Amino acid sequence: MAENRTPREATTRKRRWAPASLLPDPNPEPGYTFRWVRMSTLNQADPMNVSAKLREGWEPVKASQHPEIQLAAVESDKHRDSVVIGGLMLCKIPTEMAEERDAFYRGQAESQMRSVDNNLMRESDPRMPLFHERKSKVTFGSGT
């Protein structure tokens, strides 16, 4: 019975068209987080932003380390060996340090929200209390 079967042809899925990403994603490196850092806006250099990110611990990524990212042209002599596209330079930072940075800014945002809430509740009148709930709920279907 098995002799009568015809072998299946190898079927390959046709690759579908998708618009090109403006900023390609580099191949992941274990232990590192990637981010595009602004070098310029409207052809105006932004050295303050670049230097702030470098002081935070971000390191420029060398083009030779990520050949999968095709570069059309190098825009800056200063960063000739880095990956730079459209005024943005690809940088990386150890994941542990990125998580610490995120926790710091999350704490600042929460502190600011508490401050706004406290200020708002100070204005509250018992005759017409302000609504104060920051939780949202998603239901599917009839919701019952």
Side-chain angles (χ1 to χ4, degrees), residues 5-144:
R5 292 185 182 171
T6 57
R8 291 184 187 176
E9 292 182 30
T11 58
T12 57
R13 289 188 182 196
K14 213 168 128 179
R15 187 172 159 203
R16 301 186 65 66
W17 180 87
S21 169
L22 293 177
L23 295 173
D25 292 327
N27 290 338
E29 285 182 37
Y32 282 95
T33 300
F34 291 91
R35 179 182 198 176
W36 291 94
V37 173
R38 183 184 69 247
M39 291 180 60
S40 65
T41 303
L42 300 173
N43 291 328
Q44 295 286 345
D46 191 356
M48 294 292 287
N49 185 58
V50 174
S51 93
K53 299 305 177 201
L54 294 177
R55 285 191 312 269
E56 279 184 9
W58 294 94
E59 309 165 7
V61 172
K62 306 287 183 203
S64 59
Q65 294 172 339
H66 288 275
E68 75 276 7
I69 299 177
Q70 298 173 355
L71 300 173
V74 176
E75 301 174 10
S76 168
D77 289 334
K78 184 177 182 182
H79 299 285
R80 183 165 295 284
D81 55 344
S82 299
V83 179
V84 179
I85 298 176
L88 299 169
M89 177 171 55
L90 183 63
C91 292
K92 66 181 182 179
I93 192 171
T95 302
E96 186 177 292
M97 193 180 275
E99 289 169 353
E100 290 173 4
R101 177 188 177 279
D102 291 346
F104 171 78
Y105 285 114
R106 194 175 314 108
Q108 276 195 330
E110 289 169 359
S111 173
Q112 290 171 353
M113 287 305 294
R114 277 192 306 275
S115 176
V116 167
D117 288 344
N118 290 339
N119 202 11
L120 184 65
M121 295 317 270
R122 192 174 343 148
E123 304 287 328
S124 183
D125 187 340
R127 296 171 293 176
M128 191 169 70
L130 297 172
F131 182 71
H132 179 65
E133 185 177 333
R134 294 210 182 277
K135 295 181 182 177
S136 61
K137 188 167 121 179
V138 177
T139 58
F140 295 98
S142 65
T144 56

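Excluded from the calculations below are hydrogen atoms, water molecules and symmetry mates; all remaining heavy atoms, backbone and side chain alike, are included. Nothing here was measured: the structure is a model prediction, and the numbers come from that model.
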Close side-chain approach of [X] to [Y], heavy-atom, < 4.5 Å:
{"X": "K92", "Y": "H66", "value": "no"}
{"X": "P26", "Y": "V61", "value": "no"}
{"X": "V50", "Y": "L54", "value": "yes"}
{"X": "Q108", "Y": "S111", "value": "no"}
{"X": "T41", "Y": "N49", "value": "no"}
{"X": "P60", "Y": "V37", "value": "no"}
{"X": "R114", "Y": "E110", "value": "yes"}
{"X": "P94", "Y": "Y32", "value": "yes"}

*Any chance you could lay out the side chain to side chain contact (heavy atoms under 4.5 Å, CB included) test for W36 and V83, step after step, and finish with the verdict?*
CA-CA 9 Å; W36 291 94; V83 179; 3.8 Å; yes
Please round to the nearest 0.5 Å and tell me the distance separating atom [atom1] of [X] and atom [atom2] of [Y].
{"X": "M89", "Y": "K53", "atom1": "CE", "atom2": "NZ", "answer": "11.5 Å"}
{"X": "M39", "Y": "I85", "atom1": "CE", "atom2": "CD1", "answer": "12.0 Å"}
{"X": "N118", "Y": "M113", "atom1": "CG", "atom2": "CE", "answer": "11.0 Å"}

_Under 3.5 Å: donor-acceptor pair, side chain of T95, backbone of G31_ =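 Checking the backbone N and O of G31 against the side chain of T95, a donor-acceptor pair under 3.5 Å is found.
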_Give me the atom names and distance for the closest heavy-atom approach of F34 to N27._
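Of all heavy-atom pairs spanning F34 and N27, the closest is CE1-O, 4.0 Å.
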*Which heavy atom in G57 sits nearest to a heavy atom in M97, and how many Å separate them?*
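Minimum heavy-atom separation between G57 and M97: CA-SD, 4.1 Å.
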*Does a sphere of radius 6.0 Å around CD in E56 hold more than 12 heavy atoms from other residues, nucleotides or ligands, not counting ones at 6.0 Å or beyond?*
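Check passes, neighbour count above 12.
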_Neighbour count above 12 (heavy atom, 6.0 Å) for N119 CG_ =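 Count over threshold, so yes.
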